[in-house]
Amino acid sequence: QVQLRESGGGLVQAGGSLRLSCAASGSRFSINTMGWYHQAPGKQRELVATITRYGSTNYADSVKGRFTISRDNAKNTVYLQMNSLKPEDTAVYYCNADGTVLADTWSRFTSWGQGTQVTVSS
């Protein structure tokens with residue numbers, strides 16, 4: 001299967017910046033879309049941003065103009081640059097990837113990372 005490992009979370013003051021990274025590992029896989037989701041306490045997991053292998057991006061309205069998603073296809077890594085952070089951005093951020101993986105045959109997969117905590121203090 002395909003494993004995802006996030007890094008880069010932490011505590012930051014409002015107005016500050018953080019950069020999240022997520023690297024995919026495994027054998028014989030091809031990733032289509034990678035993305036970031038967040039989940040605040042007591043709330044459902046929500047889309048933050050996605051990016052296709054060709055660079056097309058999609059953002060939640062709440063982060064447009066503040067967050068930038070990018071990826072390095074050669075490294076199977078996706079990044080989330082978060083600027084002008086607000087207390088309401090506080091959540092666990094999860095990396096997601098979907099694509100195809102070769103086991104006996106090529107089959108679709110969707111993987112999630114373990115999550116990284118982002119806390120924005122006011």
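Nothing fancy with the numbering, it's 1 onward along the sequence.
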Please confirm whether the backbone N or O of Ile31 pairs with a side-chain atom of Arg53, one donor and one acceptor, at under 3.5 Å?
-> yes
Check for a donor-acceptor pair, side chain of Thr90 on one end and backbone N or O of Val120 on the other, with a separation under 3.5 Å.
-> yes
Is a salt bridge present between Asp89 and Lys86, judged by a nitrogen-to-oxygen distance below 4.0 Å?
-> no
Counting N and O atoms only, with roles assigned by atom type, does the side chain of Ser62 sit under 3.5 Å from a partner on the main chain of Ala60, one being a donor and the other an acceptor?
-> no
Tightest non-hydrogen contact, residues Ala49 and Tyr59, listed as CB-CD2, 3.6 Å
Return yes when atom CZ of Arg5 has more than 12 non-hydrogen atoms of other residues, nucleotides or ligands closer than 6.0 Å, and no otherwise.
-> no
Establish, yes or no, whether a centroid distance under 6.0 Å links the rings of Phe67 and Trp36.
-> no
Side chain Ser111, main chain Leu4, donor-acceptor under 3.5 Å = no
Nearest heavy-atom neighbours spanning Asn32 and Arg71 | O-NH1, 2.8 Å
For Glu6 and Gln114, indicate whether the former's side chain and the latter's backbone hold a donor-acceptor pair under 3.5 Å.
-> yes
In Å, rounded to the nearest 0.5 Å, how long is the span from OG of Ser17 to CD of Gln81?
-> 5.5 Å
Grab the two heavy atoms, one from Arg66 and one from Ser84, that are nearest each other, plus how far apart they are.
-> NH1-O, 2.9 Å
Determine the minimum heavy-atom distance between Val2 and Ala24, stating which atoms define it.
-> CG1-CB, 4.1 Å
Considering non-hydrogen atoms only, spot the tightest contact between Tyr79 and Ser21 and give its length.
-> CD2-OG, 3.3 Å
Sequence neighbours excluded, the answer for side chain to side chain contact (heavy atoms under 4.5 Å, CB included) partners of Thr100 is Ser30, Trp106, Arg108
